[in-house]
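Below is one structure, written out as structure tokens; comments come after it.
Chain naming here is simple, since letters A, B, ... match the order of the sequence lines and numbering starts at 1 in each.
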Amino acid sequence: QKEVEQNSGPLSVPEGAIASLNCTYSDRGSQSFFWYRQYSGKSPELIMFIYSNGDKEDGRFTAQLNKASQYVSLLIRDSQPSDSATYLCAVNKSGGGADGLTFGKGTHLIIQP
Amino acid sequence: DTEVTQTPKHLVMGMTNKKSLKCEQHMGHRAMYWYKQKAKKPPELMFVYSYEKLSINESVPSRFSPECPNSSLLNLHLHALQPEDSALYLCASSQSGGMNTEAFFGQGTRLTVV
């Protein structure tokens with residue numbers, strides 16, 4: 001059973017629309033959840049993190065966490081062509097230490113001009 | 001400042017060579033990580049250092065040898081690598097302890113083993 005699952009895509013969204021990226025995780029003990037954006041040939045860039053159930057908004061980005069359903073999502077409003085990238089969902093099991101991140105395979109997002 | 005600096009950016013080495021990858025951060029983070037990323041795959045955790053001590057080794061072959069000389073520096077020593085070890089090697093750092101475990105990645109070292 002894979003620990004962090006994402007639809008690999010590609011997910012194609014028109015410019016200006018809302019892009020919705022989803023992620024599920026298997027370990028109920030997971031504490032911290034992260035979304036990274038990775039452009040081709042570059043390193044992952046942290047976009048959002050969320051620790052508590054509910055929504056967290058930062059500019060055009062909203063992260064949503066539902067621990068009961070073991071589900072994390074990322075919404076990107078007013079999508080721009082520059083948002084085209086691979087979005088990696090990552091999970092940290094620890095609530096009090098450094099255990100490293102377990103990544104999903106990533107969703108390839110394409111914003112169509 | 002959320003910068004993690006890795007050197008070199010690119011490295012080509014033969015299977016009999018010995019080389020080292022370097023990583024530096026000045027964010028006061030006490031946890032540092034090495035990840036390996038193959039093409040079209042997610043990063044995979046290799047090692048974790050917490051407070052300058054190796055806390056996690058994800059069953060990495062001994063031809064990869066990590067070192068943490070101080071709280072700001074992390075090295076990865078490479079010896080007798082195989083062509084399948086060619087990948088993007090990513091260093092990351094985070095606070096250690098509490099809920100603030102956001103990890104920031106360096107730009108990576110793209111390694112090619114010939």
Side-chain angles (χ1 to χ4, degrees), chain A residues 2-10 21 23 25 27 29-53 56 58 61 63 65 67 72 85-109, chain B residues 2-6 9-10 23 25 27 29-60 66 68 71 74 87-110:
Chain A
K2 295 183 179 175
E3 294 190 44
V4 181
E5 293 208 46
Q6 296 180 255
N7 188 326
S8 60
L21 304 165
C23 171
Y25 59 94
D27 187 340
S30 298
Q31 298 280 338
S32 316
F33 307 87
F34 306 87
W35 284 99
Y36 286 85
R37 177 174 64 196
Q38 188 171 28
Y39 294 112
S40 180
K42 303 295 185 182
S43 65
E45 174 191 8
L46 181 64
I47 298 176
M48 293 282 294
F49 57 90
I50 187 166
Y51 304 128
S52 303
N53 277 328
K56 179 181 179 183
D58 183 0
F61 300 96
L65 174 61
K67 288 187 177 181
V72 193
T86 295
Y87 288 80
L88 296 162
C89 174
V91 173
N92 186 316
K93 296 180 186 178
S94 170
D99 287 348
L101 298 172
T102 300
F103 286 87
K105 288 187 173 181
T107 297
H108 183 202
L109 176 65
Chain B
T2 57
E3 187 168 326
V4 178
T5 303
Q6 289 187 244
K9 288 186 171 53
H10 300 274
C23 175
Q25 58 87 16
M27 294 179 277
H29 289 169
R30 302 309 298 269
M32 296 186 76
Y33 312 81
W34 282 114
Y35 289 83
K36 173 182 178 179
Q37 187 175 25
K38 301 281 278 184
K40 300 192 184 302
K41 299 288 187 183
E44 292 182 349
L45 184 67
M46 299 175 71
F47 301 105
V48 179
Y49 272 84
S50 180
Y51 292 89
E52 299 157 51
K53 295 192 186 307
L54 182 65
S55 59
I56 295 177
N57 176 342
E58 292 286 357
S59 302
V60 178
C68 189
S71 61
L74 185 66
L88 180 67
Y89 287 84
L90 295 161
C91 173
S93 71
S94 73
Q95 295 186 30
S96 183
M99 291 296 286
N100 295 328
T101 54
E102 305 96 83
F104 298 94
F105 284 85
Q107 292 306 301
T109 294
R110 189 160 300 280

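- Interface residue A:Leu88: only side-chain heavy atoms are found under 4.5 Å from chain B.
- Looking at heavy atoms from C-beta onward, B:Met27 lies out of side-chain contact with B:Glu3 at the 4.5 angstrom threshold.
- Interface residue B:Arg110: only side-chain heavy atoms are found under 4.5 Å from chain A.
- Partners of B:Tyr89 under the ring-ring contact (aromatic ring centres under 6.0 Å, His included) rule, at least two apart in sequence or in another chain, are B:Phe64.
- Contacts of A:Glu45 with chain B are absent, with no heavy-atom separation under 4.5 Å from either backbone or side chain.
- Relative ring orientation between B:Phe105 and A:Tyr36 is described as perpendicular, the plane-to-plane angle rising above 60° on a 0-90° scale split at 30° and 60°.
- For the options B:Gly108, B:Ala103, B:Ser55, heavy-atom pairs under 4.5 Å to chain A are most numerous at B:Ala103.
- Interface residue B:Gln37: only side-chain heavy atoms are found under 4.5 Å from chain A.
- Counted within 6.0 Å of NZ on B:Lys38, heavy atoms from surrounding residues, nucleotides or ligands total more than 12; the atom is thus considered enclosed.
- Highest contact tally toward chain A, considering only B:Pro43, B:Ala31, B:Gly106, is held by B:Pro43 [criterion: heavy-atom pairs under 4.5 Å].
- Legend: residues meeting ring-ring contact (aromatic ring centres under 6.0 Å, His included) with B:Phe47, ordered by chain and number and at least two apart, are absent.
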